[in-house]
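Notes follow once the structure below has been shown.
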Amino acid sequence: MGELTLVQAVNRGLAEAMRADPDVVLLGEDIGVNGGVFRATEGLYKEFGESRVVDTPLSETGIVGAAIGMALYGLKPVAEIQFMDFIYPAFDQIVSELAKFRYRSGGQFPCHVVIRTPYGGGIKGGLYHSQSTEAYFCHTAGLKVVVPSTPSDAKGLLLTAIHDEDPVIFLEPKRIYRAVTGEVPDGDHRVPFGQARLVREGSDVSLFAYGAMVPPTVEAAETLAAEGIHAEVIDPRTLVPLDESAIVASVEKTGRAVIVHEAARFCGLGGEIAALLAEKAFYSLKAPIARVTGYDTPFPYALEHVYLPNAEKIAAAARNAVRAS
Amino acid sequence: MGELTLVQAVNRGLAEAMRADPDVVLLGEDIGVNGGVFRATEGLYKEFGESRVVDTPLSETGIVGAAIGMALYGLKPVAEIQFMDFIYPAFDQIVSELAKFRYRSGGQFPCHVVIRTPYGGGIKGGLYHSQSTEAYFCHTAGLKVVVPSTPSDAKGLLLTAIHDEDPVIFLEPKRIYRAVTGEVPDGDHRVPFGQARLVREGSDVSLFAYGAMVPPTVEAAETLAAEGIHAEVIDPRTLVPLDESAIVASVEKTGRAVIVHEAARFCGLGGEIAALLAEKAFYSLKAPIARVTGYDTPFPYALEHVYLPNAEKIAAAARNAVRAS
Amino acid sequence: MASAESVAQGNSSAGPESSGDLTPEQILAGYRLMVRARATDERCLSLQRQGRIGFYAPLMGQEAAQVGCALAVRPEDWMFPAYRELAVALTRGASLRSILDQLLGNSADLTKGRQMPNHFGFADQHFVTASSPIGTQITQAVGTAMAAQRRKDPIVTVAFFGDGATSSNDFHAGLNFAGVFRTPTIFFCQNNQWAISLPREKQTRSKTLAEKAEAYGFSGVVVDGTDLSVVYRAVRDARARAVAGDGPTLIEAQVYRLGPHSTSDDPKRYRTDAEVAQWKERDPLVRLRGELITAKLLDEATDQKIWDEARAEVVAVFAEAEKVPPMAPDSIFDDVFARPTPRLEEERHEAAGHSQSLGGPHG
Amino acid sequence: MASAESVAQGNSSAGPESSGDLTPEQILAGYRLMVRARATDERCLSLQRQGRIGFYAPLMGQEAAQVGCALAVRPEDWMFPAYRELAVALTRGASLRSILDQLLGNSADLTKGRQMPNHFGFADQHFVTASSPIGTQITQAVGTAMAAQRRKDPIVTVAFFGDGATSSNDFHAGLNFAGVFRTPTIFFCQNNQWAISLPREKQTRSKTLAEKAEAYGFSGVVVDGTDLSVVYRAVRDARARAVAGDGPTLIEAQVYRLGPHSTSDDPKRYRTDAEVAQWKERDPLVRLRGELITAKLLDEATDQKIWDEARAEVVAVFAEAEKVPPMAPDSIFDDVFARPTPRLEEERHEAAGHSQSLGGPHG
Ligand SMILES: Cc1ncc(C[n+]2csc(CCOP(=O)(O)OP(=O)(O)O)c2C)c(N)n1
Ligand SMILES: Cc1ncc(C[n+]2csc(CCOP(=O)(O)OP(=O)(O)O)c2C)c(N)n1
Ligand SMILES: [Mg+2]
Ligand SMILES: [Mg+2]
């Protein structure tokens with residue numbers, strides 16, 4: 001055990017996976033000599049050399065296409081996309097190829113690639129260094145989508161991803177890369193996919209949040225507690241597969257739901273969770289389902305604090321839900 | 001007026017827009033000499049020549065990038081992507097550039113491009129000639145997303161798209177390109193964005209469907225009517241902007257909602273509509289909200305009839321909703 | 001840009017076996033494969049017209065290029081086809097039955113009825129299941145080559161694609177990665193002069209497609225793709241260089257798509273009969289047949305027998321394949337992931353409730 | 001691949017004005033622009049360290065290339081910058097104030113505080129607002145050139161990009177379209193030897209970047225990007241060819257990124273001081289200053305004055321810009337569309353309810 005930041009936990013997870021299995025190889029832009037623009041791959045080039053920590057030309061198409069080819073041959077490639085905002089040149093490879101390889105080949109060619117990429121706002125990154133477009137990937141059948149919110153989960157989910165048999169989009173909340181530290185188990189610590197984390201128990205309202213939205217959601221829950229409102233906070237951790245039963249069970253208990261994400265609201269994951277509840281927890285619902293999300297605008301720069309959900313907005317939505325019934 | 005198929009109505013709309021405005025230019029693969037693989041641009045190369053009906057090299061990146069450049073200069077480009085399944089090489093240009101140009105330039109560089117593309121299943125096209133991934137575009141702030149379901153709407157919405165000032169993703173339900181015919185007004189017939197079409201009035205349950213899902217939904221409504229269940233059928237026509245008030249108003253009346261689309265369920269537009277209702281029509285809802293959609297698998301070939309929504313599935317969901325309360 | 005021969009001469013590292021030419025027996029075997037492919041094409045076009053298969057994209061005109069290439073590589077090499085590589089599959093040893101099962105999407109189809117016809121794949125043959133998006137296999141072939149490099153396996157990967165695909169993103173990324181990492185990859189471009197309705201000269205303004213390799217720091221060669229032996233030699237030499245660590249090669253095999261782009265296409269809309277007639281004179285089967293007869297490796301009667309057998313085989317095998325039942329309806333939920341998620345199991349259950357809609361197409 | 005000079009000689013269609021060289025006055029004006037850019041760079045790096053701007057990407061080392069290029073085009077031509085083209089903007093006549101407003105994202109910023117520093121744009125100067133994704137401006141520049149062709153406007157478009165961007169999808173698509181449609185486009189590649197930490201030789205294995213143009217059927221030229229006049233001539237000639245209908249040109253201006261990639265980057269992690277020192281000797285400002293002094297167009301005192309004035313200007317203009325209030329909070333809902341949708345109006349209303357969170361960053 002030891003206290004690590006989230007990005008250090010990612011680094012630790014990569015290093016341990018590489019030590020344990022020579023088939024694990026990394027590829028991406030500036031991940032080798034430079035150690036990654038966020039230092040997630042710091043030290044790995046030195047330890048594992050350029051045949052396992054591959055600095056590629058500036059082409060996300062090439063990175064993901066090559067990673068797929070490696071995976072078909074039996075390696076376990078972990079590709080880094082420098083910012084989630086720059087994943088789109090690889091979008092065709094991801095949605096047309098990676099997501100569908102096992103399916104279209106009738107299981108003959110499974111294709112296990114992990115794509116790591118930092119996502120999200122709050123770092124003054126403007127339109128192109130802040131986006132949260134997890135919904136694109138969640139909507140694409142054949143991809144698993146993972147978002148840790150603690151150092152321990154970062155390592156544990158990453159190791160599960162690397163040992164999985166399916167393609168995994170691994171989204172790292174860069175805003176809290178260094179802002180949170182926590183105990184991280186040594187060794188082969190794995191956090192299973194499809195199991196939500198109960199961050200805080202409560203009986204009055206369920207707050208669902210993941211990634212960098214967990215800290216402000218917890219902050220909101222604390223504010224609410226001081227007012228006598230007991231909010232439950234649930235972090236799904238894996239968006240696909242989603243722990244639907246934990247989500248439904250929580251709302252069966254509380255009767256109220258607030259869903260939080262940074263991504264734009266329209267067709268975001270919040271819509272899916274709300275739909276799920278409106279179908280499966282319908283008779284337990286006591287109040288309209290609220291979403292506290294990024295707005296349906298591109299991500300702004302100077303005014304990102306206006307755009308982003310925060311504890312105040314989350315608490316207000318929760319209060320409304322409680323007052324509504 | 002005259003009876004046209006849906007694809008003929010598209011062709012008519014393009015021809016009339018081009019006659020009226022020399023700034024309207026078309027570009028895409030096989031749209032010129034060949035008249036488009038679905039014949040949507042039939043005859044236009046002959047009438048307008050190769051400077052206005054541009055056969056491009058095989059690059060969707062190039063098609064949309066070039067269309068953006070044309071639009072910046074003041075032309076009104078209408079790009080064709082041969083199948084929606086092949087739009088992904090252009091995804092970066094669409095979501096990073098086209099959707100954000102006006103915003104990121106503070107309004108200095110509006111970028112009005114129309115991207116037409118046939119979408120959807122039911123034509124034995126398998127994984128790569130059948131997909132409905134409108135949710136990717138709906139989730140992208142800055143894009144308008146349009147799906148006609150009748151010949152008249154096809155022409156009317158296309159003309160509105162070409163005269164709009166914003167980027168428009170214009171999705172053509174290829175399954176009913178020729179399967180439906182209908183009266184299409186001559187001349188500058190425009191159907192406004194953001195106004196749903198009331199396909200059929202009813203008081204017991206609201207069925208929401210667009211594009212090629214409208215015919216089976218109407219069929220379901222007819223079956224239900226024979227059983228004494230009066231289903232209202234609403235076709236939003238434009239997914240962005242979505243006519244939220246028409247959707248909410250219908251469910252305020254009926255108390256029950258079934259949402260139909262071909263796209264995969266998870267994070268599809270159905271989730272957004274359900275979320276909208278769970279927030280804004282909450283107190284009117286009498287039954288869980290149902291979604292009848294494609295499943296969360298890639299699109300199959302031989303068994304596409306298992307995958308696709310049909311009248312039977314839609315009617316069953318509506319019956320359930322009515323019985324539930 | 002070097003010619004195939006000049007590149008071949010410059011290559012000192014090719015081992016003895018790889019410098020050998022095709023033996024007469026091999027050429028005759030190649031001819032038989034070409035005939036089987038052509039017989040399959042002819043039959044499938046007619047089956048599609050009869051509505052017995054849903055779609056077909058013929059390769060006629062490209063047989064020598066495909067067979068020549070496939071004969072020059074080894075079983076352990078990996079093939080990354082586009083959707084027209086039927087003769088490559090046959091040459092690799094894929095069974096005609098398996099190919100026809102795929103065209104039907106029946107329950108014997110290795111791809112489980114998931115894809116349109118022509119998109120077959122055979123793991124045993126290292127023949128990767130095709131997809132429709134143009135060019136995507138190119139970067140993948142490079143990635144597999146990088147993996148083989150890492151494992152020190154002396155194999156090559158071959159990416160198959162057309163003239164149109166040279167405009168794709170993956171062509172650019174794939175050749176660039178291959179150049180930078182000197183991967184053992186053969187980029188085998190069948191320039192059949194058309195990308196649906198777009199002629200080669202409107203696809204790109206470079207004089208040849210092969211010269212595009214120079215932009216990535218390696219060589220390209222143009223070969224006559226209607227000549228089995230010429231193609232064989234070019235691929236053989238490219239393979240030898242690749243396994244010797246001398247990097248990738250782009251081979252432009254000049255051929256002609258004698259048929260329509262696919263059964264959905266009407267080439268009369270965009271090209272002249274005269275052009276087609278001109279290229280028909282260079283039909284690779286006619287050419288090779290002539291050479292074999294001249295060289296007394298083949299006589300008219302044997303040739304007739306080869307054709308009759310090939311045609312009979314397709315008819316017989318298709319009749320068998322047609323008897324195979326369809327996939328089970330709920331099989332659409334398999335292979336999305338290694339193991340289905342709870343949601344997929346729920347959807348499987350949901351679908352099972354709609355027995356009527358499972359009955360048949362457009363139910 | 002032709003050298004700049006040889007291509008220039010081969011060009012018969014350039015009009016008289018475009019064949020003229022820079023006059024001494026123009027060179028001196030160019031030098032002043034280069035000094036202004038450098039002074040801005042120096043100041044902005046320090047402002048970023050002081051936390052007064054959030055980010056900065058310097059151009060130092062690339063001034064001659066940018067000013068030389070921008071002097072050779074006309075006001076009606078369209079510029080498609082990446083994110084380092086500050087000297088192009090200044091040369092086009094963008095005001096320093098407007099540039100600094102953008103770095104601050106204040107309410108005078110033409111891009112309305114929407115983007116990170118360096119991503120400015122000036123419609124009046126036909127200087128398209130930059131975006132971060134590498135290469136995307138390249139196909140757009142080609143599209144604008146196609147539009148100008150259609151309107152028969154005798155203008156050119158210039159796409160600016162780096163060595164790293166030659167690996168992008170848009171480079172491939174853009175140059176291919178330009179070749180096929182013979183668009184009046186200048187592809188101006190500032191090869192500054194690094195793409196963040198990736199050195200030029202690991203970006204691609206071609207000998208030069210310029211030769212990549214051949215793959216698209218047109219010419220590329222390599223020029224010394226530290227020499228204002230050489231760059232000027234190459235662009236002038238490329239422009240003349242383009243407007244004469246002779247198609248596009250790829251120009252590789254060889255320069256060096258003397259500073260870090262951006263204020264987030266530490267180049268010591270990946271390159272040696274010795275390498276930087278070597279290129280510092282070819283600092284374009286030092287070089288031009290020496291030439292001007294030798295030619296007696298400049299003396300030490302005047303030079304000092306130019307520098308002092310430039311530095312004072314940046315300080316003064318930044319002080320003004322810093323006083324400008326921030327954008328109104330609800331401005332984030334503008335310009336998503338030409339007119340806001342009902343949903344956006346609703347969200348605007350919703351946001352207004354959270355007065356506290358509107359108070360300031362990380363509220
Ligand atoms: C990305 C993408 N865009 C468009 C298509 C539609 N399409 C299918 S085949 C084809 C032409 C391919 O030409 P070429 O690469 O020369 O191969 P050929 O068909 O001639 O063998 C096109 C445009 C596609 N499959 N993928
Ligand atoms: C598509 C994409 N991938 C990655 C990045 C991150 N990134 C920003 S600048 C850069 C290097 C660009 O190098 P080059 O084109 O040589 O331009 P330079 O910075 O040297 O001027 C990278 C990788 C990006 N902006 N866009
Ligand atoms: Mg072709
Ligand atoms: Mg560079």
Side-chain angles (χ1 to χ4, degrees), chain A residues 22-23 25 27 51-52 54-75 77 89-90 92-93 95-113 141-144 164-167 193-194 238 240-245 276, chain C residues 78 80 102 109-115 119-124 126 128-133 135-151 153 155 157 168-170 172-174 176-177 179-181 183 327 331-332 334-344 346:
Chain A
D23 281 340
V25 297
L27 69 170
S51 83
R52 293 186 66 192
V54 184
D55 270 326
T56 68
L58 207 170
S59 168
E60 290 75 13
T61 303
I63 292 169
V64 177
I68 290 173
M70 290 175 170
L72 295 176
Y73 200 69
L75 297 189
D92 192 30
Q93 281 290 345
V95 310
S96 303
E97 298 290 324
L98 183 57
K100 299 176 172 52
F101 233 118
R102 180 189 293 275
Y103 197 75
R104 79 163 185 244
S105 65
Q108 292 185 91
F109 291 99
C111 192
H112 169 224
V113 171
L143 300 177
K144 293 180 174 169
D164 204 78
E165 294 173 76
D166 296 309
F193 286 180
T238 61
V240 179
L242 187 67
D243 188 348
E244 302 187 4
S245 46
L276 191 72
Chain C
W78 279 57
F80 287 80
Q102 199 282 325
D109 170 15
L110 290 175
T111 69
K112 300 190 187 167
R114 302 254 168 76
Q115 291 217 78
H119 293 70
F120 32 74
F122 309 96
D124 288 350
H126 297 150
V128 177
T129 307
S131 70
S132 307
T136 46
Q137 71 279 18
I138 302 175
T139 47
Q140 294 164 9
V142 174
T144 297
M146 289 170 77
Q149 276 177 320
R150 157 129 193 83
R151 293 230 178 122
D153 293 340
I155 67 152
T157 64
S168 72
N169 295 338
D170 287 277
H172 186 55
N176 194 40
F177 273 50
V180 167
F181 299 113
T183 63
M327 291 291 299
S331 66
I332 70 166
D334 299 334
D335 302 315
V336 181
F337 295 114
R339 271 166 300 281
T341 59
R343 176 177 275 248
L344 282 165
E346 208 179 287

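Naming: A, B, ... by sequence-line order, numbering from 1 per chain.
- Residues C:T157 and A:Y73 form no side-chain contact, since every pair of their non-hydrogen atoms from C-beta on lies 4.5 Å or further apart.
- Side-chain contact between A:L75 and C:M146 is absent, with no heavy-atom pair separated by less than 4.5 Å.
- Only the side chain of C:F181 comes within contact range of chain A, judged by heavy atoms closer than 4.5 Å.
- You'll find the side chain of A:R104 reaches within 4.5 Å of the side chain of C:S131, heavy atoms only.
- Among residues two or more places apart in sequence or in another chain, the side-chain hydrogen bond (donor to acceptor under 3.5 Å, both in side chains) test is passed with C:D335 by C:K112, C:R114.
- Neither the backbone nor the side chain of A:K100 comes within less than 4.5 Å of any heavy atom in chain C.
- Interface summary for chain A: among C:T183, C:V128, C:D153, the most heavy-atom pairs under 4.5 angstrom belong to C:V128.
- In this structure, C:R150 and A:P22 have side chains that are in contact, with non-hydrogen atoms separated by less than 4.5 Å.
- Looking at A:D23, only its side chain comes within 4.5 Å of chain C, counting heavy atoms on both sides.
- The most heavy-atom pairs under 4.5 Å with chain A, out of C:A145, C:A141, C:A148, C:S132, come from C:A148.
- A donor-acceptor pair is defined here as one N or O able to donate and one able to accept, closer than 3.5 Å; no such pair exists between the side chain of A:Q108 and the backbone of C:T129.
- For A:M70 against C:G143, the heavy-atom pair with the smallest separation is CG-O, 3.4 Å.
- Contact of A:L98 with chain C is not made at all, since no heavy-atom distance falls under 4.5 Å.
- Side-chain contact between C:P133 and A:D92 is present, with at least one heavy-atom pair separated by less than 4.5 Å.
- In this structure, A:E97 and C:D170 have side chains that are not in contact, with every pair of non-hydrogen atoms separated by 4.5 Å or more.
- Using a 4.5 Å cut-off between heavy atoms, A:P110 does not touch chain C at all.
- Heavy-atom minimum distance, C:I332 versus A:Y103: O-OH, 2.7 Å.
- Proximity to chain A (any heavy atom under 4.5 Å) is shown, for C:I138, by neither the backbone nor the side chain.
- Proximity to chain C is limited to the backbone of A:D55, based on heavy atoms less than 4.5 angstrom apart.
- For chain A, the option among C:V336, C:T136, C:D124, C:V142 with the highest count of heavy-atom pairs below 4.5 Å is C:T136.
- Atom CD in C:Q140 sits 4.5 Å away from atom CZ in A:F101 (nearest 0.5 Å).
- Ranked by non-hydrogen atom pairs under 4.5 Å with chain C, the options A:V64, A:V25, A:L143 are led by A:L143.
- A:D166 is not listed as a side-chain neighbour of C:R339, based on a closest heavy-atom distance of 4.5 Å or more.
- Interface remark: of the candidates C:G113, C:A173, C:G174, C:A173 forms the most heavy-atom pairs closer than 4.5 Å to chain A.
- Ranked by heavy-atom pairs under 4.5 Å with chain C, the first of A:T61, A:L58, A:I68 is A:T61.
- Counting heavy atoms from C-beta on, the side chains of A:V54 and C:F177 never come closer than 4.5 Å.
- Of the possible polar contacts, none joining the C:R343 side chain to the A:L242 backbone as a donor-acceptor pair under 3.5 Å is found.
- For C:T341, the part lying under 4.5 angstrom from a heavy atom of chain A is the side chain only.
- We find the CD-OG distance between C:Q149 and A:S51 to be 9.5 Å, quoted to the nearest 0.5 Å.
- Once rounded to the nearest 0.5 Å, the distance linking CZ of A:F109 with OG1 of C:T111 reads 11.0 Å.
- With sequence neighbours excluded, the residues satisfying side-chain contact (heavy atoms from CB on, under 4.5 Å) with C:S331 are B:L303, C:M327, C:D334.
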